[in-house]
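Quick note: numbers below take in every heavy atom, side chains included, and nothing from hydrogens, waters or symmetry partners.
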Amino acid sequence: MKKLFVFLLVFTSLAAFCQTNKSLDEIVQENKGKVILIDFWASWCKPCRSEMRKLPSFKEKLKGKDVVYVFISMDTEKGKWAKAMETEGIVNDINLLISQAKNAKVLEGHKIMSIPRYMVIDKNGKLVSAHAPGYSRKLIKVINKYLE
């Protein structure tokens, strides 16, 4: 029974991924008029996962505002990635693997050398903060600046 539950959990998470199987450029285009927060992370990255524990209260402070959360994973194992998405409660957000963002025009000239890393894209689809702070009051300030 336990194996069946784990299988269903992973399958459900992968199904959520399949619904957002788009490129980052497509997501930016579809969300013009909203501020996009990109979180680069991985299931095996302890600092990333620790930072994600702050996410529920962070999202609550921006509730009702035009903010889109995009999580781009460096994972290579889809099963571990799917399980981590479920654990962190981000399956209802936009989730991509790094392979879906590698050639994104909005990220041109920016290499992701370490994670966690956060970026903010303004309402016009322009990258305005390539090294945004983690989930904090500082990041809320950055986001609010571009919501105006």
Side-chain angles (χ1 to χ4, degrees), residues 9-148:
L9 180 69
V10 170
F11 179 77
T12 302
S13 297
L14 284 175
F17 156 73
C18 292
Q19 293 172 0
T20 59
N21 194 7
K22 297 178 181 177
S23 73
L24 182 58
D25 286 335
E26 289 172 313
I27 290 164
V28 170
Q29 285 292 48
E30 289 175 0
N31 288 287
K32 285 229 172 143
K34 298 178 182 179
V35 173
I36 300 171
L37 173 61
I38 301 175
D39 180 337
F40 291 90
W41 73 292
S43 64
W44 44 262
C45 172
K46 288 184 183 184
C48 301
R49 303 290 295 273
S50 177
E51 193 67 14
M52 282 185 165
R53 302 284 187 291
K54 301 173 189 174
L55 194 55
S57 64
F58 180 85
K59 283 182 166 182
E60 188 62 33
K61 291 175 180 139
L62 291 169
K63 190 175 184 176
K65 297 190 178 185
D66 284 333
V67 180
V68 175
Y69 300 88
V70 177
F71 297 90
I72 301 177
S73 175
M74 305 303 209
D75 280 290
T76 55
E77 295 181 41
K78 285 186 179 180
K80 289 181 180 181
W81 171 54
K83 184 177 178 185
M85 285 190 300
E86 184 73 29
T87 300
E88 300 305 338
I90 60 172
V91 293
N92 293 321
D93 294 296
I94 299 170
N95 288 279
L96 304 173
L97 287 171
I98 191 63
S99 60
Q100 293 169 272
K102 276 186 181 174
N103 298 317
K105 290 183 194 275
V106 74
L107 298 180
E108 275 181 3
H110 298 280
K111 292 188 178 181
I112 309 304
M113 302 303 285
S114 63
I115 53 175
R117 181 156 169 199
Y118 309 92
M119 294 182 172
V120 176
I121 297 174
D122 72 8
K123 291 179 176 185
N124 298 313
K126 180 183 174 198
L127 180 63
V128 291
S129 182
H131 295 278
Y135 300 116
S136 63
R137 279 184 248 153
K138 286 182 183 180
L139 182 55
I140 289 173
K141 273 186 171 182
V142 171
I143 291 170
N144 279 329
K145 176 181 174 181
Y146 295 104
L147 283 170
E148 296 172 358

* Pairwise side-chain contact, W44 with T76, heavy-atom cut-off 4.5 Å (strictly under) -> no
* **Residue pair D75 / S43: nearest heavy atoms and the distance that separates them** => OD1-OG, 2.5 Å
* Side-chain heavy atoms of W41 within contact of R49, under 4.5 Å -> yes
* Heavy-atom neighbours of K123 NZ exceed 12 at 6.0 Å -> yes
* Heavy-atom closest pair, residues F40 and C48 -> O-SG, 4.3 Å
* N95 (side chain) donor-acceptor with D93 (main chain) under 3.5 angstrom -> yes
* Asked: Rounded to the nearest 0.5 Å, what separation is found between the CD atom of E51 and the OG atom of S136?
  -> 7.5 Å
* **E77 atom CD, over 12 foreign heavy atoms within 6.0 Å** => no
* I27 versus L96: any side-chain heavy-atom pair under 4.5 Å? -> yes
* Asked: Donor-acceptor pair, E86 side chain versus V91 backbone, under 3.5 Å?
  -> no
* Output yes when a side-chain donor or acceptor of R117 lies under 3.5 Å from a complementary backbone atom of H131, and no otherwise. => no
* Is the CZ atom of R137 crowded by more than 12 outside heavy atoms at less than 6.0 Å? -> no
* Residues, nucleotides or ligands: over 12 heavy atoms within 6.0 Å of K59 NZ -> yes
* Do any N or O atoms from the side chain of T87 and from the backbone of K83 form a donor-acceptor pair under 3.5 angstrom? -> yes
* To do: Kindly compute the distance separating CG (D39) from CZ (F58), expressed to the nearest 0.5 Å.
  => 10.0 Å
* Structure fact -> So CG of L55 and OH of Y135: to nearest 0.5 Å the spacing works out to 4.5 Å
* Asked: Taking N124 for the side chain and K126 for the main chain, is one N or O donor matched with an acceptor at less than 3.5 Å?
  -> no
* For V70 against L24, the heavy-atom pair lying closest together -> CG1-CD1, 4.2 Å
* Asked: Are any non-hydrogen side-chain atoms of I72 and M119 less than 4.5 angstrom apart?
  -> no
* Shortest non-hydrogen separation from A42 to S73 and the atoms involved -> CA-OG, 4.0 Å
* To do: Could you go through the side-chain contact (heavy atoms from CB on, under 4.5 Å) check for M74 and I112 one step at a time?
  => CA-CA 10 Å; M74 305 303 209; I112 309 304; 3.2 Å; yes
* May I ask you to test the I94-N31 pair for a side-chain heavy-atom distance under 4.5 Å? => yes
Can you list, pair by pair, the side-chain donor-acceptor contacts under 3.5 Å of residues 139-148, counting residues two or more places apart and other chains?
residue : atom : partner : partner atom : Å
N144    : OD1  : K65     : NZ           : 3.0
N144    : ND2  : I140    : O            : 3.3

* Asked: Mind checking whether F71 and M52 have side chains closer than 4.5 Å, heavy atoms only?
  -> yes
* To do: Kindly compute the distance separating CG (D66) from NZ (K32), expressed to the nearest 0.5 Å.
  => 15.0 Å
